[in-house]
Amino acid sequence: MTDTSSQAAVYDPAAVEDKWQRRWEEARTNSVDLQRAARPFYNLMMYPYPSAEGLHVGNVFAFVGSDIYGRYRRLCGYDVFEPIGFDAFGIHSENYALKVNTHPAELIPRNIARFRQQLRRVGLMVNWDHELSTTDPAYYKWTQWVFLQLYRSGMAVKKAAPVNWCPECKTVLANEQVIDGFCERHPETAVSQRFLEQWFFTITKYAQRLLDNLERIDWSDSTRMLQINWIGRSEGAELVFATPVAEPIRVFTTRPDTVFGATYVVLAPEHPLVETLTAAEQRGEVNAYRRTVAEMDIVARRIGSKDKTGVFTGAYARNPATGESVPIWIADYVLMEYGTGAIMAVPAHDERDFEFATAFDLPIVPVIEPDDSQELPYTGWDAKLVRSGQFDGTSCRAAVGAITQWLEGQSLGRGEVRYRLHDWCISRQRYWGPPIPIIYCDACGTVPVPEKDLPVLLPAVDDFRPDETGVSPLARVEEWYRVPCPQCGADARRETDVSDTFLDSGWYFLRYPSNDFDDRPFDAELTKKWLPVDTYIGGNEHAVLHLMYSRFLTMALHDLGHLDFEEPFTRFRAHGTIVKDGAKMSKSRGNVVIPDQHIAKWGADTFRMYLMFLGPYQEGGDFRDDGISGIRRFLDRVWAMVEEANGTGGSDEAWRKLHQTIRKVGTDIEGLRYNTAISAMMEYVNLLRGNMAGPAAKGLVEPLIVMLAPLAPHFAEECWERLAHDASVFEASWPDFDEALAREVEIEIVVQVNGKVRGRIQAAPGISEEDAVRVAAADPQVHKFLGNKEIRKTIYVKDRLVNLVV
RNA sequence: GCCCGGGUGGCGAAACGGCAGACGCAAGGGACUUAAAAUCCCUUGGGAAGUAAUUCCCGUGAGGGUUCGAAUCCCUCCCCGGGCACCA
């Protein structure tokens with residue numbers, strides 16, 4: 001690398017960037033004093049998983065977009081805290097370690113070192129003093145602490161449940177990690193169902209709050225929609241179907257208005273009542289069916305054939321509305337995990353029930369009749385009830401409330417809300433994670449590890465391979481899991497599962513400001529000052545994982561008195577994805593963009609700006625190699641302008657354009673419209689170049705450099721220095737926008753005749769409608785189209801347009 | 001099937017309901033150069049008329065509608081991307 005950059009006449013990005021990266025570190029330019037900061041602004045980007053492949057262009061896109069915003073806020077006078085860390089525990093890291101047969105404890109520090117170097121090279125305004133890694137015992141001590149808080153309050157529970165088991169990862173997965181029945185990490189491996197004892201966080205208790213708060217937090221709509229869908233709220237009723245045994249069948253339905261058409265009842269095969277209800281002569285068939293279903297894996301059950309199968313139990317239940325006896329069936333299209341695990345089947349008005357009734361020849365009784373007689377099943381709402389006793393003629397919508405109330409009066413039902421959201425399974429039968437801080441004692445039962453004994457260190461073991469047993473590799477480390485019970489001192493054993501990576505990332509933003517403290521997870525005062533996060537930018541792939549879990553944990557910690565806010569991210573924006581040649585980047589497609597290569601060739605600043613110039617930040621873009629030269633040309637021109645800049649002066653037009661540009665660039669960056677912010681600066685530079693023969697006035701160039709600083713920080717620093725400033729450009733402030741100076745002195749008004757453009761007139765801004773119309777009508781070109789017809793109507797849009805209707 | 005996005009020149013894309021295509025790439029022409037690269041200047045949605053300045057017509061996935069005026073709003077449909085999905 002050359003070291004003569006400050007004398008060179010041409011822009012040499014490598015030298016400039018190296019110089020400023022050193023300076024920033026020496027002068028601690030990017031560090032903010034968290035205690036003293038007067039205008040705190042917490043600018044967060046999603047910390048990366050430090051993969052062996054190094055920084056991906058998608059990471060760069062995400063981080064740069066966030067960094068630009070942080071740097072902009074800093075220039076606006078905020079004390080911006082922009083931390084970064086590493087999501088280094090978890091299955092991704094561990095699977096890779098297995099693949100290359102190297103211990104993750106050895107790999108991870110290596111990967112992190114490389115990431116750190118790459119992140120520096122990109123020129124992020126990262127406050128390195130607050131870097132964290134989830135694998136650091138000083139961090140995961142507090143991850144375990146979070147678990148204990150939830151455990152104490154009953155929000156962490158151990159229960160046996162059907163869970164997703166990935167035979168490749170050899171661990172259970174959260175529902176959010178199962179994609180179309182396949183493992184998120186192994187797209188070729190079907191997830192199967194196992195019935196295991198697992199630790200769950202009771203996120204479902206917060207379903208309504210997670211939903212309600214979405215209305216009042218400033219998040220990307222796309223992300224909010226994903227969460228709304230995932231929570232899956234359904235309103236309806238729980239209805240009671242009496243049975244010959246003591247316990248009735250409770251069903252959940254969103255269509256209580258159709259209850260008069262319920263001609264049979266279906267239980268999930270796993271439903272506890274099946275055992276007691278099944279008639280003796282049906283027992284053989286029922287048991288056989290239940291066995292088949294139990295052996296079926298989740299794929300076959302969920303996405304496999306939708307052909308309806310099922311078995312009659314031989315028992316009957318009483319329809320609460322009609323009082324009639326209806327047969328009770330079991331079928332795998334009814335899922336135990338949702339609702340009550342039982343449904344009333346209304347074949348005339350539900351597609352699945354219709355299919356099932358057709359297959360097994362069960363009665364189909366229509367109870368709603370649309371005006372134009374439609375085919376069955378009719379599942380719409382725009383119709384009235386028939387064959388429904390006193391409710392005949394009631395509209396469907398009205399009948400929902402009326403029938404629910406009527407049944408409620410007889411204790412046969414009540415209004416009910418259900419959610420699709422499941423409790424969050426956090427147990428992982430793996431090695432590379434924080435051990436769950438629980439001890440099992442024969443005498444005392446389940447005993448939480450006392451907080452003073454945290455962290456429960458992950459033991460260093462050579463053999464960290466998972467196996468088929470369904471227990472963690474830690475279960476093979478006897479000297480580790482055998483411990484005395486913290487309560488009675490008797491021989492006891494540790495929980496050998498580790499926790500999900502998403503528990504690590506569910507609270508990391510709380511730790512950043514406080515990671516100097518080893519005696520508390522987050523300092524009360526610092527947390528009050530810096531949180532919640534002001535702006536969080538990241539990908540929508542985490543909409544229902546990390547972003548949902550973080551909200552839940554924040555709410556839980558709030559309810560337990562640890563935080564005084566319940567939503568962690570005041571403003572969240574989802575960035576788009578970068579694709580290559582119209583397709584997602586992947587190693588198998590061979591279309592992976594390696595950022596380092598482009599940075600080496602063009603410089604980090606050019607690469608940063610080019611990524612932002614590809615398209616709207618929140619939509620992403622298609623990466624192409626051609627086009628990047630345009631950004632470099634632009635920077636070269638600015639560079640030349642800086643070299644020549646001197647004196648004062650400049651045309652009115654140039655000053656006007658400057659102020660218009662300040663306005664546009666500011667509002668564009670605020671709205672993350674980086675592509676148009678860059679265009680605006682290009683237009684300004686084009687105007688300066690075309691506008692004057694000699695060098696540009698310093699006063700016209702300096703604000704441009706400040707505006708460029710968030711996007712091209714090293715470049716801007718170097719230009720700023722060349723413009724004879726001693727301090728960093730980031731000590732400067734965002735240029736003031738002057739409305740008066742931005743105002744045009746003469747404007748062009750479009751003249752339309754019958755909505756078609758027929759001419760243009762020059763006028764002073766603020767011209768009256770009367771004058772504008774008079775001048776417009778007098779324009780010869782316009783006159784041609786008016787002929788001698790009478791003007792019937794005129795439309796005037798102030799300073800923009802006149803439309804003459806003839 | 002349901003819920004979000006999106007569809008505009010050769011390409012990436014702009015456009016508070018008001019001049020469609022800003023800005024950039026690529027392409028073509030020119031200047032500089034022995035030459036090339038770099039740089040600088042000009043042209044560039046399609047079609048037609050004119051020696052020309054210029055003018056006219058068509059054009060934002062398709063078809064309807066609202067409006068003085070629609071890429072933008074409404075309805076129907078097609079295609080692409082993402083999410084959910086036997087969820088009662």
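Because the structure is predicted, anything quoted here is derived from the model rather than measured. In what follows, chains carry the letters A, B, and so on, assigned in the order in which the sequence lines appear, proteins first and then strands, with residues in each chain numbered from 1.
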Nearest of [options] to any side-chain atom of [X]?
X      : options             : value
A/P616 : B/A14, B/C19, B/A22 : B/A14
A/F613 : B/C86, B/G12, B/A88 : B/G12
A/K308 : B/C41, B/C86, B/U39 : B/C86

Please report the distance, rounded to the nearest Å, between CZ in A/F356 and P in B/A88.
18 Å

Starting from P on B/G82, measure out to CH2 on A/W230 and report it in whole angstrom.
17 Å

Across the strands shown, which category fits A/F785 at heavy-atom distances under 4.0 angstrom: base, sugar-phosphate, nothing?
sugar-phosphate

Using a cut-off of 4.0 Å on non-hydrogen atoms, how would the nucleic acid contact of A/L226 be classed: base, sugar-phosphate, or nothing?
sugar-phosphate

State which residue, out of A/I578, A/T577, A/V579, fulfils the side chain to side chain contact (heavy atoms under 4.5 Å, CB included) condition with A/M585.
A/I578

Is the base of B/C25 touched by the side chain of A/R624 through a donor-acceptor pair closer than 3.5 angstrom?
no

Does the B/G6 base have a donor-acceptor partner in the side chain of A/E619 within less than 3.5 Å?
no

Any residue in residues 797-806 of chain A with a heavy atom nearer than 4.0 angstrom to RNA chain B? Just list them by number, or reply none.
A/V797, A/R800, A/L801, A/N803, A/V805

Expected output check: what is the dot-bracket annotation of RNA chain B, where ( ) and [ ] are pairs inside the strand (brackets for crossing ones), | is paired with another strand, and pairs are Watson-Crick or G-U under 3.5 Å?
(((((((..(((.....[....))).(((((.......))))).(((((....)))))..(((((..]....))))))))))))....

cation_pi(A/K308, A/F360) dist<6.0 Å, angle<=45
no

Before we go on, tell me: are the rings of A/F312 and A/W329 under 6.0 Å apart, centre to centre?
yes

Phosphate contact (B/G24 OP1 or OP2) by A/N686 side-chain N/O below 4.0 Å:
yes

